[in-house]
Amino acid sequence: MSFLAGLNDAQRKAVDHHQGPLLVVAGAGSGKTRALTHRIAHLIGAHGADPAQILAVTFTNKAAREMKDRLELLLAQRLAESQYGQPWSTLPPVDQRQLRGRIFREVTKELWIGTFHSLFARLLRFDIDKFRDAEGLSWTRQFSIYDEADAQSLVKEIVTQELQLDPKRFEPKKVRWAISNAKNQGWLPDQLAAQVDGQRGKLTVETYRRYRKALAANNALDFDDLLLLPVQLLQQNEQIRRYWHNRFRHVLVDEYQDTNRTQYELIKLLVTDGREPEIFDDWQGRSVFVVGDADQSIYSFRAADFTILMGFQDDFGDKASDDATRTMVKLEENYRSTSTILEAANALIANNTERIDKVLRATRGEGELITLTRCDDEIAEAEAVVHRMRMLEAAHPELRWGDVAVLYRTNAQSRAIEESLVRWRIPYIVVGGLRFYDRREIKDVLAYLRLLVNPADTVSLLRVINVPKRGIGKTTLQRLADAANQLGIPLWDVVSDAEAVRSLGGRSAKGLLQFCELINDLQRSIQDQIPSEMIQQVMEKSGYISELIAEATDEAEERRRNLQELVNAALQYQEENEEGNLEGFLASAALASDADSKDTAADRVTLMTLHSSKGLEFPLVFLVGMEQGLFPSYRSLDDPSSLEEERRLCYVGMTRAKERLFLSHASERRLWGGMRQPAVPSLFLAELPEGLVQGDLPQIGGVALRRERRLDRLTRVDRDDNQRIKAGGVSGAPSNAVRRRQAGPAPGKAWVVGDRVVHSSFGEGEITHTFGSGEKVSIAVKFVGMGPKILDPRLAPIEPLE
DNA sequence: TTATGTACGCTTTTT
DNA sequence: GCGTACATAA
């Protein structure tokens, strides 16, 4: 059996290519996943590539898992034929399992398949300790990965505490966004500084600088760092770059239209060893293979840039014309959708100006017309959708609920649909929204684990130090944190110093000491425990579980079940990763998306956002909320290129459908709370060819125009408002946010920084800091041959030295 | 130090 | 209409 069998010409070309660069322009449903898996199998099976030399980037962890699965099956099937000389399907299950096991050990285990984030997090686990930032920042291999909430709170702390700015005028969320955007463009603070101007820009750069420093102090990285740090590392360290360049001889990237500048840099560094792609010519036994479709680029809000895809031929390619080129292949035959659905989608996307012209040819029959339904409000819409499902189910006994998907623009829209599905007892699953790993109890337990692995992780420490309650309050923590800041050491180093705790801890000292003992105890067992057992121990020894039991509410019960689920997740992780350790499990938890954990194979209706639907397909697709301001989003209405992105999103949604597509919109929609808003049909509806749509045909007339003007006015007001805020600027800290913090010389027996003291057991030392004032003073003393000690001068056996 | 009240802002999309 | 974050009381 050849891996080229059953492929069309273009697919065969993509699979058979094994040296040099290749861009595959793959329209929706044109079999690109098939091309990708067959290519990897072919590289290994026919061209003798070592699985360990292959790096394949997918868009989700789930896609990575599926690709590994398909690859395993493909190779096992082939092995069956060569080994037993008989087709796979006739082998007894026990032999099938044995063959798959062998493929797993010899091939799939060795492959690096995953998202950009998970792959480069893995690379950093090897080499991050060899990296030193230009500003002297460094990390160890035990680094924590911060999620958006952690990152957000760190930025907020810098803005309000360090820079003393009013978070209303200088919004942490916006600053965080600006920083993330900079990182995704590959800009460090200095480079960002060159891009911005004014007071506001300066403050953003300053926040960025401090934020990086804070992350390093916590030995932590945010999502964007998982891409940016490897870029810096590979640029800086030739030896390491050479190693990975020699190791990954075949690089494959799926969904290339949604890569950003930093990801692009990474690919270049690995493939060309840092040389310019135009002049790189050492392709012997090496390839770079990217697959994408500019019409499906829907992530520009996180700095994805589809011009990178469009520029591939100029960087790596032969720059020849489309019919003469040997570095590009187009997959233009669609095997998924009926020609009706396809034609409508093609007509819609033709309204975009920013695209390479590409025709998606139908290979299937006409099928049914697209159905458009107008409803009174979102509740009626949900009822209409569910009613339609039930009618279809009655008419088609072969229909399974798993064949049906409901797609929407925003997560909040799932609610109305869910209520109707519940009413009619139709099983469903919501993908997205609240991630499993974002639940409070899960984050708490994971924070314990992160702290065990990485004691410098102060964000995690603060999360769990008083959970469950140990009587450690805000003031105590503030005191400890101030001490840590002034000494420039992690908070844990203060907390774990019994002497310091007795001095600074006040009434909370007992709780603090207990907490330290807990962490030390857990840390001792960390060496020889597998992740699932560590989790179990953390939950029990911390008293987390007993507190939930004591609470005895339904909610607490639910939390306990979730924690049990976390243990199961760890068990599963261990099964999939034989050498997996706690660090690895924490990374997978941090990078897992909601879609990854959801079992879409179950026979249930799937509800999800259009973004989450990328790469999937369903026989029946309902696209709801087709209204101006909702889809396309109101934020895109006055910006042509955002509007084009919304249109691509619509194109992605429509092309998910194999057999039938149902569109709907409401005349009135409750936004949030009570306010009912009149709504007009989406502009996209009017762009669909009339002959392909049945039902309540769109009325884009006076009503729509009036509404659009109204929206325009609204957005203008909004803009003016922003300008006013911008014009106001942020000139220094506002009076109400000013908080003075004065250490001040202590009265009475004055302990002054610089004075020398003698301690009965530590010997001579020098006072480096004083904390507090009045009665309650603590001092930090640097003794010879040890770190700073925090002491209560009234209790500690010290004498001033003249 | 913890428990309770209340204002606010949130809804674009995600690794 | 819901959860969070901050303010105020016990």
Side-chain angles (χ1 to χ4, degrees), chain A residues 57-64 114-121 145-149 151-153 156 160 167-168 171-173 177 180 183-184 221-228 255 258-260 262-263 297-304 407-415 431-435 437-438 440 466-478 505-508 510-511 587-596 608-614 625 629-637 639 642-643 645-646 648-650 652-653 669-675 677 736-737:
Chain A
V57 185
T58 58
F59 204 69
T60 61
N61 294 302
K62 192 177 164 204
T115 61
F116 270 108
H117 291 87
S118 62
L119 290 171
F120 287 93
I145 299 173
Y146 280 180
D147 66 17
E148 200 41 51
Q152 199 78 243
S153 70
K156 192 173 168 194
T160 59
K168 292 226 172 66
E171 293 168 53
K173 224 178 154 171
W177 184 87
S180 177
K183 288 185 173 184
N184 284 320
L221 303 178
D222 65 19
F223 287 150
D224 310 315
D225 287 330
L226 297 176
L227 309 174
L228 186 56
E255 307 284 7
D258 278 323
T259 51
N260 61 42
T262 305
Q263 291 165 337
S297 169
I298 55 176
Y299 280 95
S300 72
F301 68 90
R302 63 174 212 220
L407 308 181
Y408 37 77
R409 180 67 179 81
T410 66
N411 280 306
Q413 287 169 261
S414 73
R415 203 193 186 108
V431 177
L434 182 63
R435 232 167 48 110
Y437 290 105
D438 284 339
R440 193 173 78 196
N466 200 31
V467 178
K469 299 216 174 347
R470 300 183 177 90
I472 304 165
K474 224 168 47 185
T475 17
T476 306
L477 285 174
Q478 192 59 53
R507 251 187 320 217
S508 313
K510 204 171 143 223
S588 83
L591 297 173
S593 77
D594 189 60
D596 299 332
M608 65 181 142
T609 62
L610 288 151
H611 281 89
S612 309
S613 77
K614 180 155 102 161
L630 183 60
F631 188 34
S633 149
Y634 72 99
R635 307 177 92 114
S636 69
L637 291 179
D639 173 19
S642 317
L643 190 64
E645 176 142 320
E646 297 281 313
R648 290 192 293 270
L649 194 53
C650 188
V652 167
R669 185 170 293 268
R670 231 180 316 227
L671 285 186
W672 62 80
M675 280 296 280
Q677 288 271 327
N736 66 346

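All values reported here derive from a predicted model rather than from experimental measurement. In what follows, chains carry the letters A, B, and so on, assigned in the order in which the sequence lines appear, proteins first and then strands, with residues in each chain numbered from 1.
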Engineer: Between A:T475 and B:dT1, does any side-chain N or O lie under 4.0 Å from OP1 or OP2?
Structural biologist: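 Yes, such a contact exists.
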Engineer: Mind checking A:T476 for me? I need base, sugar-phosphate or nothing, with any heavy atom below 4.0 Å counting as a touch.
Structural biologist: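 The residue A:T476 makes sugar-phosphate contact but no base contact.
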Engineer: Quick test: give all pairs of protein nitrogen or oxygen and nucleotides 6-8 of chain C nitrogen or oxygen below 3.5 Å, distance rounded to 0.1 Å.
Structural biologist:
from  : atom 1 : to     : atom 2 : distance (Å)
C:dC6 : OP1    : A:K156 : NZ     : 2.9

Engineer: Using a cut-off of less than 4.0 Å, is there contact between a side-chain N or O of A:S118 and OP1 or OP2 of B:dT15?
Structural biologist: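 No, A:S118 has no side-chain N/O under 4.0 Å of OP1/OP2 on B:dT15.
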Engineer: How does DNA chain C look in dot-bracket notation if pairs are Watson-Crick or G-U with both distances under 3.5 Å, crossing ones as [ ], other-strand ones as |?
Structural biologist: .|||||||||
Engineer: Heavy atoms only, 4.0 Å cut-off, all strands: where does A:S636 land among base, sugar-phosphate and nothing?
Structural biologist: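 Since no nucleic acid heavy atom lies under 4.0 Å of A:S636, the category is nothing.
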Engineer: With sequence neighbours left out, what residues match A:H117 under ring pair (Phe, Tyr, Trp, His ring centres under 6.0 Å)?
Structural biologist: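 Residues passing ring pair (Phe, Tyr, Trp, His ring centres under 6.0 Å) with A:H117: none at all.
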Engineer: Once ring pair (Phe, Tyr, Trp, His ring centres under 6.0 Å) is applied, do any residues pair with A:F223, and if so which ones, sequence neighbours excluded?
Structural biologist: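 Not a single residue meets the ring pair (Phe, Tyr, Trp, His ring centres under 6.0 Å) criterion with A:F223.
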Engineer: Quick check on B:dT14: is either OP1 or OP2 less than 4.0 Å from any side-chain nitrogen or oxygen of A:T609?
Structural biologist: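 So the side chain of A:T609 is within the cut-off, an N or O lying under 4.0 Å from OP1 or OP2 of B:dT14.
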Engineer: Could you go over nucleotides 2-5 of chain B and give all protein N or O partners under 3.5 Å, atom names and distances?
Structural biologist:
from  : atom 1 : to     : atom 2 : distance (Å)
B:dT2 : OP1    : A:G471 : N      : 3.1
B:dT2 : OP2    : A:N466 : ND2    : 3.3

Engineer: Ignoring backbone atoms, establish whether A:N411 has a side-chain N or O less than 4.0 Å from OP1 or OP2 of B:dT13.
Structural biologist: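 Answer is yes, contact under 4.0 Å.
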Engineer: State, to 0.1 Å, how close A:P632 and A:L637 come at their nearest heavy-atom pair, and which atoms those are.
Structural biologist: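 Taking every non-hydrogen atom into account, CG-CD2, 3.9 Å.
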Engineer: Please say which of A:T410, A:L407, A:V431, A:N411 ends up in a side chain to side chain contact (heavy atoms under 4.5 Å, CB included) with A:T609.
Structural biologist: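 Of the listed options, the one satisfying the test is A:N411.
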Engineer: Residues two or more places apart in sequence or in another chain: which of them pass ring pair (Phe, Tyr, Trp, His ring centres under 6.0 Å) with A:F59?
Structural biologist: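 Only A:Y299 meet the ring pair (Phe, Tyr, Trp, His ring centres under 6.0 Å) criterion with A:F59.
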Engineer: Applying a 4.0 Å non-hydrogen cut-off, can you work out what A:Y299 is touching in the nucleic acid: base, sugar-phosphate, or nothing?
Structural biologist: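 It contacts sugar-phosphate atoms only.
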Engineer: Compare side-chain N and O positions of A:S612 against OP1 and OP2 of B:dT13 and report whether any pair is under 4.0 Å apart.
Structural biologist: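 For B:dT13, neither OP1 nor OP2 has a side-chain N or O of A:S612 closer than 4.0 Å.
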